[in-house]
Amino acid sequence: MYKCVSLLLLLTGRGVLSQEVEVCSKTVINSCSDCIRSGAYCTWCKQLNFTNPGEQEAARCDTRAQLEKRGCIEKDIISPQNNLTVTKNTPLSTNAFVKDEPIQLRPQEVNLELRPGLPRTFRLDFRRVEGYPVDLYYLMDLSYSMEDDLRSIKTLGNELFKALQGITKQGRIGFGSFVDKTVLPFTNTNPEKLKKPCAEKEQFCQPAFGYRHVLSMTENKADFNREVDKQRISGNLDSPEGTLDAIMQAAVCGDRIGWRNSSTRLIVLSTDDGFHMAGDGKLAGILEPNDERCYMDNQLYTKSNDMDYPSVGQVASQLEKNNIQPIFAVTKSMENVYRELSRMIPKSEVGVLSEDSKNVVELIQAAYNRLSSKVTVTHDALPDNVRVTYTPLCPGGGPAGDKGVCDNVKVSFNVTVTADECIDREVSFLIGPLGIKDKMKVSLSTHCECECDDPKEKNHTYCNNKGKVNCGMCSCKAGFVGQRCECSIGEKDESSLRAACRKDNGTECEGRGDCVCGICQCYALQGGSTYYGTHCECENESCEKFQNKLCGGNGKCRCKNCDCSPEYEGTACQCKKSDEQCRTPSGSVCSGRGTCQCNQCKCMEGYQRPYCLTCPACQIPCITKGKCIECLGFATGPFSKNCSQTCKSINDFEIVETLPPGKPCDVRDVENCRVFFTIKQLDGEDNYSAQILKTRECPELPNIYAIIGGAIAAVALIGLVILLIIKGFLYWRDVKEFRRFENEKKKEKWTPTAGSNNQSMYDKKLNVHPLECRGLSLGNADV
Ligand SMILES: *[C@@H]1O[C@H](CO)[C@@H](O)[C@H](O)[C@H]1NC(C)=O
Ligand SMILES: *[C@@H]1O[C@H](CO)[C@@H](O)[C@H](O)[C@H]1NC(C)=O
Ligand SMILES: *[C@@H]1O[C@H](CO)[C@@H](O)[C@H](O)[C@H]1NC(C)=O
Ligand SMILES: *[C@@H]1O[C@H](CO)[C@@H](O)[C@H](O)[C@H]1NC(C)=O
Ligand SMILES: *[C@@H]1O[C@H](CO)[C@@H](O)[C@H](O)[C@H]1NC(C)=O
Ligand SMILES: *[C@@H]1O[C@H](CO)[C@@H](O)[C@H](O)[C@H]1NC(C)=O
Ligand SMILES: *[C@@H]1O[C@H](CO)[C@@H](O)[C@H](O)[C@H]1NC(C)=O
Ligand SMILES: *[C@@H]1O[C@H](CO)[C@@H](O)[C@H](O)[C@H]1NC(C)=O
Ligand SMILES: *[C@@H]1O[C@H](CO)[C@@H](O)[C@H](O)[C@H]1NC(C)=O
């Protein structure tokens, strides 16, 4: 991949080059023809020795200016141009009275060989031949409301011919009539009514019909008058008529109507009502769409009741195809409807009929003049990727576009043809004025191959006798590859050689060099240095910058990394190697709690710059070191057994009589005495010195044993009292029970029937707790 944009490309909206600016933006170029295809301004240098060793052959593809700048000589630059050959160019006829058909358009045939993207302009002349034959087909609506119009036209035949004679000596007129499909709901299908669809009083009425061709084109006035005179009015039910059916048949039944090949073809449609369109047939159950073919038998349209009405589009396309220009002669009330229709049909005109059609001749004359005063050239269907624009070369002709319009008899257009892509076969299309038979045939092919006129040697010395020259490049024999077929790949295939140029299946030579026989040959960089490394992965130009200098100006750039001079460090050699700014007044670097980077302390977490002295977020040593102070100062506490080992972090301590002023640490030791000390962090992470106050502050101890003894005594006393109370209560109950027993005994002495009394007493006793007993038994039953 090799990209080059030599000049700015300025395109206007429609892709027309507004200025000759030449660019060649290359994508993947492996050959001259790739180059030619990639843009209209890409050219190829076939000069031998043009590329440097290791350079990609794509360098041969560029704009002409660039190649010349690189020293490619004119004759070695391959750039196919557009080639226009006019293959038929008969001069325009001056009048219509020649033996052969008059020629109104020139040239008649051209052959274009186009370079994709490069437009080609040629001139197209048109001259309307004076007295060119005219075929006029009068197509009349014979529904009942046209009765008076029919009467008028019967008297106007002579005038019509006279008017035609004013235009041409070769005028012919034909006649046709239409009503509508003879099915419900368009026409009353009652047999009586079908036979006579007009009002009762009407004597001259013909049976309902769709479209009838009455008279083929004739120069004979008498024939016309006779046939038209025979015409009778007819009728239908609804107001829209089968107009489009009639126009379609008149357009496609060319030989029946008698259209001449070389004539201006006009259909004059005279009606006072609207028309049915495609889809309306469904109302009558007619589903078959119109197939735009001729169905005429015995002058009648035979498929009238079998085939739907054509669409406006179908009618428009058939009229255009057959070069027929319709003139809609309609009543005032229908003018807007037919103006709309006219907008959809190119080369059509609308005129307003008076109530009885008396003005139809003037109307036709005016419409014909309007139709023939304007020339509109355009093309039929274009092949894919081909564009054509027309520039009118007439005063007031307007801008270029996909149609050209001129108001004159003799007009010219610049026709510009552009092929956007290569086309693999010859294609053709027709260009011509609307409504005129004359067309120009454009045959077009594209120029996408290079004709390099290569030397014939199969073993060319330029290719080390291992291949032939092909547009300046070597085309090597099997077993050899390389710019000059210099690599013998022997057993290996070319792809494995190429694979050696790719790191981890990446781009070949990282896109920065050429793969020559499996070895990367790296490109030069802009500043004169080059890419280097096995896969061209290195270069000395893109190291980190400091103060806008590569490696801060204090080192060398090597393969994207800075190689700093001894006294500098950092990714961009931006730091002088020094710890001056990191040293505390006492001389330690970052208080032993950080590293000096770029002459600035990088502290351990929590410690603050500049010297990592303080750590507001760290745990307070008063608490963490309390146990060590206890064992160091007083040999008590949990660490006392192993104090010097465990408390190594207190590097230095002394026991003092008085502490220096300030708030000291205050902790309680194992004996609940308050120990006072001050502690200071030394250099390093866990390195302290401490001053411990010699005297502890122990509390006046209350007699704990007395308290415990007292509590036990109190509990025992309370228990004793309770026991005594219980004992007393039991004794009192016993005494009471005994007294009662004594009383009972006395009563027994005074009652002789002791046994029965005993029994009743027992019963009485039972009666004391009946609920209790029952409750128990109930309870058991429940379980
Ligand atoms: C190409 O270059 C080689 C060596 O530089 C030279 O011998 C040879 O004549 C050149 N060929 C052409 C056609 O300039
Ligand atoms: C243009 O085409 C004609 C006929 O195809 C041919 O004879 C002529 O050499 C061509 N001219 C160029 C410049 O290609
Ligand atoms: C028509 O084309 C010719 C060359 O083909 C050109 O010189 C002329 O300027 C063009 N005219 C217009 C109006 O584009
Ligand atoms: C009219 O043109 C058609 C087709 O283009 C052709 O078949 C027919 O022979 C021509 N008729 C005359 C009279 O030239
Ligand atoms: C090209 O060279 C090969 C051997 O390298 C030889 O066999 C062949 O005949 C030669 N072809 C021509 C046309 O000289
Ligand atoms: C490169 O691609 C080949 C085929 O796609 C695969 O077999 C091979 O493992 C790949 N090597 C690396 C280094 O990705
Ligand atoms: C890149 O820089 C290194 C170190 O200065 C040097 O050895 C090497 O030759 C340079 N390479 C290129 C291609 O400039
Ligand atoms: C003292 O403490 C150190 C480390 O804390 C430990 O290695 C050693 O075994 C301890 N000695 C005793 C007697 O507890
Ligand atoms: C503790 O600090 C003192 C004084 O700053 C120093 O001499 C000693 O080496 C430090 N000890 C450790 C383990 O850092």
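Whatever order the structure lists them in is the order used to number ligands and atoms, beginning at 1. Throughout, numbering of the chain's residues begins at 1 and tracks the sequence.
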Using a 4.0 Å cutoff against the non-hydrogen atoms of Asn414, which atoms of ligand 3 qualify? 1 (C), 2 (O), 3 (C), 8 (C), 10 (C), 11 (N), 12 (C), 14 (O)

Are Lys694 and Glu657 close enough for a salt bridge, meaning some N to O gap below 4.0 Å? yes

When you check the gap from the basic side-chain N to the acidic O, do Asp438 and Arg128 get nearer than 4.0 Å? no

Near Leu393, which atoms of ligand 3 are under 4.0 Å from a heavy atom of that residue? 11 (N), 12 (C), 13 (C)

Tell me the residues surrounding ligand 7, counting only those with a heavy atom closer than 4.0 angstrom, sorted by chain and number. Thr530, Tyr532, Asn540, Lys556, Cys557, Arg558

Report the residues that fulfil ring pair (Phe, Tyr, Trp, His ring centres under 6.0 Å) with Tyr390, sequence neighbours left out, ordered by chain and then residue number. His379

Anything under 3.5 Å between a donor and an acceptor, one on a side chain of residues 417-424, the other on a protein residue two or more places apart or in another chain? List them.
from	atom 1	to	atom 2	distance (Å)
Asp420	OD1	Arg387	NE	3.3
Asp420	OD1	Arg387	NH2	2.7
Asp420	OD2	Arg387	NE	3.0

Any luck finding a side-chain donor-acceptor pair between Glu426 and Ser428 under 3.5 Å? no

Atoms in ligand 3 with a heavy atom of Thr121 nearer than 4.0 Å: 2 (O), 5 (O)

Would you mind running through ligand 9 and noting each atom that sits below 4.0 Å from a heavy atom of Leu682? 2 (O)

Take the SG atom of Cys536, take the SG atom of Cys509, and say whether they are under 2.5 Å apart. no

A cation-pi test, strictly: NZ or CZ of Arg123 under 6.0 Å from the centre of the six-membered ring of Phe413 and no more than 45 degrees from its axis. Yes or no? no

With sequence neighbours left out, which residue pairs that include part of residues 603-615 fulfil the side-chain hydrogen bond (donor to acceptor under 3.5 Å, both in side chains) condition? Tyr607-Gln681

